[in-house]
Amino acid sequence: MKTVVYPGSFDPVTKGHLDIIERTAQLFDKLIVVVLINPAKKAIFSVEERVEYIRRITGDFVNVSVDCYDGLLVDYVKSKGASAVVKGLRAMSDFENEFQMALTNKHLYPDMETLFLNTSSEYMFLSSSMVRQLASFGGDISPFIPEEIAEDVATRLAKAT
């Protein structure tokens, strides 16, 4: 059984993230979406909220599980027996940063592969930070957030501004 990990901060999870989840779930036997705690980023949503939102939007996927982790990605991947990490790419700037991380991870754990999956064209502009900024000015974020969680995310972001 091939297990792959899709890591991210998902603050909040967007339709672009869901696109990567859906497409990756079709390619592998098991997909673990893991919310990583990044001390360099000040998250708006708690880890518990992010995990819950992802569980709600992936509830119909039999081969997708959701987890959180506070540590090195390579350690998590080893502990789960996963063979690869999937990273979504929107633009060349994403690739530069993700490629550097992939090379570092490969040095730390040579058995782990990093697979890059291009975001579908309709989500190439979309990011969690764009959603947060739009919400901070009172904009409608519903086109960018999965329907199952859009109202909760909008309410929570309204409280954060």
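Residues V33 and L115 share a hydrophobic cluster, clusters being chains of Ile/Leu/Val/Met/Phe/Trp/Tyr side chains in contact below 4.5 Å. One hydrophobic cluster holds both L36 and L108 under the rule that ILVMFWY side chains link at heavy-atom gaps under 4.5 Å. A continuous path of Ile, Leu, Val, Met, Phe, Trp and Tyr side chains, each step under 4.5 Å between heavy atoms, connects L117 with V13, placing both in one hydrophobic cluster. Cluster annotation: V47 is not connected to V34 through the hydrophobic network of ILVMFWY side chains, with a link wherever side-chain heavy atoms come within less than 4.5 Å. Note on I54 and Y123: same hydrophobic cluster, where clusters join Ile, Leu, Val, Met, Phe, Trp and Tyr whose side-chain heavy atoms are under 4.5 Å apart, directly or indirectly.
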(message) side-chain contact (heavy atoms from CB on, under 4.5 Å) for R56 and D152? Distances and angles first, verdict last.
(response) CA-CA 11 Å; R56 283 171 47 193; D152 290 340; 2.7 Å; yes

(request) List the steps, then state whether side-chain contact (heavy atoms from CB on, under 4.5 Å) holds for K80 with K30. (result) CA-CA 11 Å; K80 297 301 179 182; K30 182 176 181 184; over 6 Å; no

(request) Just do the salt bridge (charged side-chain N to carboxylate O under 4.0 Å, His left out) check on D19 and R23 with the steps written out, would you? (result) CA-CA 6 Å; D19 172 59; R23 292 167 48 219; 2.9 Å; yes

(message) Could you go through D111 and V77, starting from their C-alpha distance and side-chain angles, then the distance that decides it, and tell me whether this counts as side-chain contact (heavy atoms from CB on, under 4.5 Å)?
(response) CA-CA 10 Å; D111 292 338; V77 170; over 6 Å; no

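Of all heavy-atom pairs between V4 and A84, the closest is CG2-O, 3.2 Å. Across every non-hydrogen atom of F45 and P12, the tightest pair is CE1-CB, 3.6 Å. Between S127 and R90, the closest heavy-atom pair is CB-NH1, 2.7 Å. When all heavy atoms of V5 and L31 are compared, the pair lying nearest together is C-CD1, 4.4 Å. Of all the heavy atoms in P7 and V85, the pair that sits closest is CD-CG1, 3.5 Å. S9 and V35 get closest at one heavy-atom pair: O-CG1, 3.9 Å.
We find the CD1-CD distance between I141 and E151 to be 11.0 Å, quoted to the nearest 0.5 Å. Note: T104 OG1 to K106 NZ = 13.0 Å, rounded to the nearest 0.5 Å. Distance check, rounded to the nearest 0.5 Å: CD1 of I149 to CG of L18 gives 8.5 Å. The CD atom of Q26 lies 9.0 Å from the OG1 atom of T24; values are rounded to the nearest 0.5 Å. Note that CG of L126 is 4.0 Å distant from OG1 of T14, once rounded to the nearest 0.5 Å. Note: S142 OG to L134 CG = 9.5 Å, rounded to the nearest 0.5 Å.
When atom types are taken as modelled, the side chain of D29 and the backbone of K2 share a donor-acceptor pair closer than 3.5 angstrom. When atom types are taken as modelled, the side chain of T58 and the backbone of F61 share no donor-acceptor pair closer than 3.5 angstrom. Under a 3.5 Å cut-off, the side chain of D67 and the backbone N or O of I32 do not form any donor-acceptor pair.
Of the listed residues (E147, K15, E22, E148), just one forms a side chain to side chain contact (heavy atoms under 4.5 Å, CB included) with I57, and that residue is E148. The side chain to side chain contact (heavy atoms under 4.5 Å, CB included) with I20 is formed by just one residue from the set V86, L89, N118; it is V86. If you run salt bridge (Lys or Arg N to Asp or Glu O under 4.0 Å) between D11 and each of R156, R132, K41, only R132 comes through.
Taking the six-membered ring where tryptophan is involved, the planes of H17 and Y6 are tilted, since the angle between them lies from 30° to 60°. Relative ring orientation between F125 and F144 is described as perpendicular, the plane-to-plane angle rising above 60° on a 0-90° scale split at 30° and 60°.
Applying the 6.0 Å contact sphere to CD of E52 captures more than 12 heavy atoms from other residues, nucleotides or ligands. Taking a 6.0 Å sphere around CZ of F99, one finds it holds 12 or fewer heavy atoms contributed by other residues, nucleotides or ligands. Counting heavy atoms of neighbouring residues, nucleotides and ligands inside a 6.0 Å radius, atom CD of Q100 does not exceed 12 of them.
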